[in-house]
Structures are given as C-alpha cells and as structure tokens.
Asks: 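A single structure is presented below for examination.
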There are 2 protein chains.
Amino acid sequence: MSSDVTRLSQWMDHHRTRMELGPLSILIRKLLSHSPLSTADQQAIAALPHKVRRLQPGESILREGDQAEICPVLLSGFAYRQKVASDGGRQIVALKLPGDALDLQSLYLHKADHDIRMLTNVEMALLPLAAIEQLTIARPAVARAILIDILVEASIGREWLLNIGRRNALARLAHLLCELHDRVSDIASETSEYFEIPLTQEQLADLLGLTPVHINRMVRQLEKMGAIGRPSRSLTILNLSELAKISNFSSAYLHRNNLSGV
Amino acid sequence: MSSDVTRLSQWMDHHRTRMELGPLSILIRKLLSHSPLSTADQQAIAALPHKVRRLQPGESILREGDQAEICPVLLSGFAYRQKVASDGGRQIVALKLPGDALDLQSLYLHKADHDIRMLTNVEMALLPLAAIEQLTIARPAVARAILIDILVEASIGREWLLNIGRRNALARLAHLLCELHDRVSDIASETSEYFEIPLTQEQLADLLGLTPVHINRMVRQLEKMGAIGRPSRSLTILNLSELAKISNFSSAYLHRNNLSGV
DNA sequence: CGTTAGCTTGAATGCTTTCAATTATTGTGG
DNA sequence: CCACAATAATTGAAAGCATTCAAGCTAACG
C-alpha cells in the first residue's frame with residue numbers, strides 16, 4: 001500500500017501479531033517504558049473497547065476547536081500535532097510514534113487547541129474517552145502512567161523551545177534527529193544506528209521553524225559530513241555521535257529511565 | 001522591600017488577607033478558574049501543610065537534575081522555567097504567575113529537566129509532594145484540577161513554539177504581551193488594560209528567542225505606535241487591541257473557559 | 001553621588017529567507 | 001512498461017531580519 005510506511009512500522013506490524021495482548025499491546029509497552037503496571041492493569045488496558053482505522057499521510061484525526069470523544073492510539077506509522085499561524089505559517093509542535101496516545105488531553109480540556117495529522121500511512125486504534133476515564137478511576141496505576149506520558153511530552157516540548165529559540169539551523173536539525181533516534185529505539189527495542197526517518201524537507205522545516213530551502217542546505221551539509229544518508233525520500237542516521245556533537249544532545253529530557261526511581 | 005514586586009503582587013498580598021482559606025487561597029482560586037472543586041476539596045487544599053518562603057529575583061528553587069520533594073506555589077510575584085544550551089544560550093520555557101504551582105511534575109518524574117527561577121521578589125508556599133499526592137488519591141477532583149493545570153501549561157508551550165518558530169520579532173513580542181494580559185486578568189479579577197509587566201529586555205529576549213538589542217528595537221517600535229508604555233523599568237499595555245492585531249492573538253489556547261463544558 | 005544594571009544606538013556582519021527556475025522521484029494512467 | 005503529472009529536492013542570487021560588536025546613556029540603589 002505504500003512506501004511511506006517505515007521499516008519500523010513494518011517491524012511493528014509483524015511483531016504485534018506475536019504478542020499476547022492484542023492490538024493495544026504496543027500502547028502497553030510504551031507505558032511500561034516509564035511506568036510500572038501490574039498484569040491486571042495491562043489486561044485492563046488491552047481489554048479497552050476500540051476500533052482499528054487506517055489513515056493516509058496528511059489526513060487529520062482532530063482539528064483545532066473540535067471536541068473529541070475518542071482517543072486515537074498509534075499502532076503503526078507516525079503522526080504529528082500542528083498549529084497554524086494566521087499568515088498560514090505552520091508549526092509542528094509534536095511528533096508521535098507508534099504506541100503513543102494522540103489525544104489524552106481531550107479527557108480534560110473541552111476544545112482542541114491544535115490539529116493532529118498523519119505523517120505516514122497509519123494504523124490506529126480509536127478508544128472511547130469515556131472508557132479511558134473509567135479505567136483511570138478504577139486503576140490508579142493506569143492514571144499515573146497516562147499522566148507521566150503527558151509530562152514527558154511536555155518536557156519534549158520545552159526542549160523544542162530551546163532548540164528553536166537558541167540553536168542554529170544545523171544544530172536544530174541534528175538535535176531533532178538525535179531525539180528521534182532515541183525515541184524510536186525505545187519502541188523498536190532493537191538498537192540500530194540505522195533508522196529511516198520519513199520526513200520530507202518541508203516537514204522538517206515546519207518542525208524546526210525554518211524554510212524548506214534552508215533545510216535542504218542543512219541536510220546536504222549533514223550528508224556531506226557523513227552524518228546522515230538519504231535513501232529515496234527519507235533520512236537515515238549514519239553517525240549518531242556526530243549528530244550529538246553538533247547539537248550537544250543530551251537525552252535527559254526524554255525521562256527514559258523514570259522507572260529506576262533515583 | 002522592593003520595587004520589583006508588581007502592582008499585581010501588591011494587590012494580591014492585600015487581597016489574600018481578606019480571604020477565608022489562608023495563604024493557599026490563591027492556588028484554590030487559580031484551580032477554580034478551570035476546574036470545579038467542592039467546598040470540602042477547597043478546604044482540604046487550604047489545609048495542606050506548608051511553609052512560606054521569600055525569594056529574590058534570580059534565585060532558584062529547582063535545578064536541572066534535582067530530585068524535588070516539595071512543590072512551591074507562587075503566592076505573589078513571578079517566576080519562570082528556563083533551559084540552558086551548552087553554548088550558554090538561555091531559553092525561558094514558561095512563565096508562572098501568582099497562584100501557579102511550580103513543580104507538580106516532580107510528583108511523577110524523578111529528575112528535573114529544567115531550572116525554576118524567580119523573576120521578581122516572590123512569596124511562595126512550599127508543600128510536601130507527599131501531601132499533595134495523598135490529596136490527589138483522596139480527592140479525585142483535586143487530581144483532576146492539577147492535571148488540567150498541567151495540560152494548560154502544555155498548551156501554552158505549544159503556542160510558544162508557534163510564536164518562536166513562525167512569527168517575526170514584533171509579533172512575537174506583541175503576542176507574549178497579549179498572553180500575559182489575559183493570564184494576569186484571570187487572577188487579578190479586575191480587568192484593566194493597564195498592567196505592569198516586570199520583564200527586563202534581556203528576559204524578554206530569553207523568552208522569545210531573540211537578542212536584547214533586537215528586543216530593544218521592537219519595544220521602542222511598540223512604544224512609538226502607542227501600544228505600550230514604559231514606566232521605570234517595566235512595560236505597561238496601553239493598547240491591547242493593537243497588540244492583538246499585530247500578533248493575530250487568539251486566546252483559545254489558554255483554555256480559560258474550560259468549565260463551561262461545551 | 002558614585003556604582004551598576006539596564007537601556008539605547010549605529011554600523012557591520014551574517015544567517016536565513018525569498019524568489020525563481022531547474023532537476024529528480026514517485027505515482028498514475030494508458 | 002512508458003509517458004505524464006505531481007510532489008519533493010536542488011540551486012543561485014538577491015534581499016532582509018536579526019545578531020554582533022562597541023560605545024554611550026539612563027535610572028535605580030546603596
């Protein structure tokens with residue numbers, strides 16, 4: 001159906017079928033990466049009612065001003081949040097990966113303040129917000145896991161503010177690539193330094209507060225340095241430490257080891 | 001003790017003494033602005049154990065990497081969150097006003113990903129995180145109010161990403177001033193178009209991803225247009241609608257009417 | 001009344017954008 | 001399987017917004 005779907009997504013598709021908890025197991029895995037959940041908690045999540053739906057690149061599942069009643073969870077593919085300025089300028093304010101819940105905030109805020117769109121072909125589960133709310137009431141550990149998810153996303157947003165506000169174009173791009181590397185590693189569980197990132201240069205521009213033309217120049221510069229490769233229309237990371245050096249990347253803000261307590 | 005304290009803060013100091021619920025009443029009022037709380041809920045919050053502490057401009061109450069055990073709540077004065085890039089560049093990633101809880105995230109994330117510092121002379125209540133946690137368990141409405149607080153801050157962060165990523169310097173500044181107007185209005189309850197904003201030009205630069213020199217030029221431009229005034233070393237908003245026009249400001253992202261449901 | 005932090009200003013520089021075309025890739029329909 | 005359409009990538013040159021540098025000014029504080 002598409003070459004837009006990343007290798008990661010394909011791996012996810014395949015892997016998921018071998019797990020015990022059904023389509024939502026990837027959500028459970030994501031939550032487990034930062035929060036403890038008992039077997040019963042996990043089963044309760046897996047048992048949430050849901051429909052599976054496929055969307056194509058650019059399609060929207062939520063628009064600013066909407067009042068949502070379902071929470072989409074990414075099963076495969078990438079999605080993003082965007083805001084649009086009155087002059088048409090677009091800013092991507094978050095990137096979501098497989099296992100991420102896309103709209104937990106609508107549990108508590110009644111009007112969406114941004115759009116949610118698909119970056120690639122996507123498979124998602126749609127969960128009724130009411131069911132999630134009941135689950136959070138019945139199972140405090142689940143409520144806590146959801147809250148931590150929200151907090152980590154907020155932390156990433158703060159780092160993006162620093163990235164866009166205070167780093168030059170090359171460092172911004174390198175920093176984003178480092179972040180994606182780490183986040184994808186977490187869900188793919190196979191640490192490879194070879195990731196395919198399905199972002200067009202225009203999307204990179206909207207992510208980083210730059211123009212496509214300038215992104216192009218930065219991408220080529222990173223390529224010339226051997227830090228990235230560019231198969232077909234996406235990026236691969238070839239030299240992570242080089243990217244980390246350029247952007248002074250430190251992954252603390254991802255809170256990946258939250259479980260360890262201290 | 002200082003001319004740094006804004007008129008708002010002074011008004012707050014005065015107002016607080018007339019309320020029933022003690023020092024934390026301002027926190028309760030803030031939560032009530034977006035979440036329903038029963039009288040019992042409010043009393044339970046007011047009864048939280050706490051110490052009152054004063055800090056001066058620039059002082060820090062939390063540093064990146066710290067593991068907090070207390071949650072500071074602003075009683076008067078302004079504070080901010082900041083992140084520092086490796087080259088020394090500083091980005092202010094959030095501004096906190098009286099009534100705001102400064103570090104709820106440490107309830108769930110074990111290491112701070114940013115610093116919290118005081119913008120003005122500040123009076124704050126320090127609440128043990130353990131006490132807050134118990135309260136959230138005992139009183140779901142309080143837990144919900146706290147979560148909404150966190151979500152609204154995240155929404156503001158997204159708008160800042162759009163602001164810094166996609167608006168020019170003049171619009172960025174105007175947008176920030178509009179936001180502050182609305183947020184201050186909420187807690188001051190007296191809607192005046194005349195607010196004193198105690199930000200130096202250097203701080204404005206760190207808020208908006210610009211340099212102090214350029215901020216100076218933009219401030220003077222807004223002044224020349226009659227949109228702002230500049231008593232001593234702060235700003236006042238003289239023409240809010242002009243600022244809103246410059247920045248195409250829309251306050252939806254502040255979620256101020258969350259209570260109304262639809 | 002000096003000291004200091006903050007504000008102001010001009011000029012030169014530069015990073016990024018804008019504009020305008022061209023080239024490459026992917027997907028589609030015949 | 002090829003031609004065509006559409007999207008994405010690329011490139012050079014000019015323009016502009018913002019930064020940097022450097023210096024002088026102002027106002028608050030002790």
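Values reported hereafter were calculated over all heavy atoms of this structure, with side chains retained and with hydrogens, waters and symmetry mates removed. Model, not experiment: these values are computed from the prediction. So that the names make sense, note that chain A is the first sequence line, chain B the second, and so on, each numbered from 1.
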Asks: Expressed as a whole number of angstroms, how long is the span from Asn168(A):CG to dT16(C):C1'?
Replies: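 The answer, rounded to whole Å, is 11 Å.
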
Asks: If you check the Val213(A) side chain, which of dA18(D), dA9(D), dG12(D) turns out closest?
Replies: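 The nucleotide sitting nearest to the side chain is dG12(D).
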
Asks: When all nucleic acid strands are considered with a 4.0 Å heavy-atom cut-off, which category describes Gly209(A): base, sugar-phosphate, or nothing?
Replies: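 Since only primed, P, OP1 and OP2 atoms lie under 4.0 Å of Gly209(A), the category is sugar-phosphate.
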
Asks: What distance do Ile228(B) atom CD1 and Leu222(B) atom CG have between them, rounded to the nearest 0.5 Å?
Replies: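 Reported value, rounded in 0.5 Å steps: 4.5 Å.
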
Asks: Round to a whole Å and report the spacing from CG of Leu208(B) to P of dA18(D).
Replies: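 Leu208(B) atom CG is separated from dA18(D) atom P by 11 Å.
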
Asks: Can you tell me how far P of dC17(D) sits from CD1 of Ile215(B), to the nearest Å?
Replies: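 One finds 16 Å between P of dC17(D) and CD1 of Ile215(B), rounded.
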
Asks: Round to the nearest Å and state the distance from Glu202(A) atom CD to dT7(D) atom C1'.
Replies: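 It works out to 10 Å between those atoms.
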
Asks: Do the non-hydrogen side-chain atoms of Ile156(A) and Tyr253(A) ever get within less than 4.5 Å of each other?
Replies: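 Yes; the side chains approach each other to less than 4.5 Å.
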
Asks: Is there a side-chain contact between Arg220(A) and the phosphate of dT10(D), meaning an N or O under 4.0 Å from OP1 or OP2?
Replies: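 For Arg220(A), the contact criterion (side-chain N or O under 4.0 Å from OP1 or OP2 of dT10(D)) is met.
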
Asks: Please state whether the phosphate of dA8(D), meaning OP1 or OP2, lies under 4.0 angstrom from any side-chain nitrogen or oxygen of Gln203(A).
Replies: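 Checking dA8(D) against Gln203(A), no side-chain N or O comes under 4.0 Å of OP1 or OP2.
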
Asks: Rounded to the nearest 0.5 Å, how far does CZ of Phe249(A) lie from CG of Asp182(A)?
Replies: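 Here the interatomic distance stands at 4.5 Å.
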
Asks: To the side chain of Arg233(A), which of dT11(D), dA9(D), dT9(C) is closest?
Replies: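 Nucleotide nearest to Arg233(A)'s side chain: dA9(D).
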
Asks: How close or far is atom C1' of dT9(C) from atom CD of Gln221(B), stated in whole angstroms?
Replies: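 Between C1' of dT9(C) and CD of Gln221(B): 15 Å.
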
Asks: Applying the side chain to side chain donor-acceptor pair (under 3.5 Å) criterion to Glu159(A), which one of Gln91(B), Lys83(B), His114(B) satisfies it?
Replies: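 Looking at Gln91(B), Lys83(B), His114(B), the match for Glu159(A) under the side chain to side chain donor-acceptor pair (under 3.5 Å) is Lys83(B).
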
Asks: Whole Å only: how far is the NE2 atom of His214(A) from the P atom of dC17(D)?
Replies: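 Going from NE2 in His214(A) over to P in dC17(D) covers 17 Å.
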
Asks: Nearest heavy atom decides the nucleotide; on that basis, is Glu223(A) or Arg166(A) closer to the 5' end of DNA chain D?
Replies: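 Nearer the 5' end of the strand: Glu223(A).
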
Asks: If you pin Ser232(B) and Leu199(A) to their nearest nucleotides in DNA chain D, which one's is more 5'?
Replies: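 The residue whose closest nucleotide sits nearer the 5' end is Leu199(A).
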
Asks: At under 4.0 Å, does any side-chain N or O of Asn216(B) touch on OP1 or OP2 of dT8(C)?
Replies: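 Yes.
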
Asks: Please report the distance, rounded to the nearest Å, between CZ in Arg172(B) and C1' in dC17(D).
Replies: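 In whole Å, dC17(D) C1' lies 10 Å from Arg172(B) CZ.
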
Asks: In whole angstrom, what separates Met218(A)'s CE from dC15(C)'s C1'?
Replies: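 About 9 Å, once rounded to whole Å.
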
Asks: Between Asp103(B) and Ala68(B), what is the shortest heavy-atom contact and its length?
Replies: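 The answer is OD2-CB, 3.4 Å.
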
Asks: Looking for any heavy atom pair under 4.0 Å, which part of the strands does Arg230(A) touch: base, sugar-phosphate only, or nothing?
Replies: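 Result for Arg230(A) = sugar-phosphate.
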
